[in-house]
Amino acid sequence: MTEKLSDTARTTMIEPLLRDGWSLVEGRDAISKEFKFSDFADALGWMVRAGVWAEKWNHHPEWSNVYNKVSVTLTTHDVDGLSTLDAKLARKMDILAG
Ligand SMILES: C[C@H](O)[C@H](O)[C@H]1CNC2=NC(N)=NC(=O)C2=N1
């Protein structure tokens with residue numbers, strides 16, 4: 001059963017992401033980041049690759065795309081807050097973005 005991140009887990013799992021360009025979302029237990037790519041095709045390709053992992057892990061982002069930018073918000077709806085799945089998907093997204 002997915003659970004909300006404990007305080008210690010936030011320190012170990014979320015703080016490193018904040019150092020890598022992720023931000024806490026005001027008023028929500030969520031993290032967000034804007035990814036910028038060279039063009040639309042690159043942004044779309046990244047969304048497909050990230051989407052494959054989201055589907056594999058059954059954990060889906062809230063995201064929007066404008067040309068070469070993708071704004072992503074991650075939170076776990078089932079627990080109404082951040083869980084390990086959000087940290088895992090965030091890290092994967094960073095890796096895929098290169
Ligand atoms: C029914 C389905 O398995 C659930 O709704 C999954 C799907 N993807 C999900 N994605 C996210 N971000 N949070 C969830 O709680 C979640 N739950």
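Remember, it's 1-based here, ligands and their atoms both numbered in the order they're listed.
Ionic pairing of D29 and R10 is present here: one or more N-O contacts between side-chain nitrogen and carboxylate oxygen are shorter than 4.0 angstrom.
Considering only non-hydrogen protein atoms, atom 5 (O) of ligand 1 sits nearest to D78 OD1, 4.3 Å.
For F35 and W22, the distance between ring centers is under 6.0 angstrom.
Counting only heavy atoms, the protein gets under 4.0 Å from atom 14 (C) of ligand 1.
The backbone N or O of T11 sits nowhere less than 3.5 Å from a side-chain atom of D7 that would complete a donor-acceptor pair.
Among H60, E62, E55, the residue whose heavy atom lies nearest to atom 8 (N) of ligand 1 is H60. Summarising the contacts of atom 12 (N) of ligand 1 with T75, T76, L89, the nearest heavy atom is found in T75.
Backbone and side-chain nitrogen or oxygen atoms of N58 are examined, and one is located within less than 3.5 angstrom of a nitrogen or oxygen of ligand 1.
With ligand atoms numbered from 1 in the order given, ligand 1 contributes 10 (N), 11 (C), 12 (N), 13 (N) to contacts under 4.0 Å with heavy atoms of H59.
For the residue pair S83 / T76, a side-chain donor-acceptor distance below 3.5 Å is found, with atom types taken as modelled.
Of the listed residues (V79, N58, L74, T2), just one forms a side chain to side chain contact (heavy atoms under 4.5 Å, CB included) with L85, and that residue is T2.
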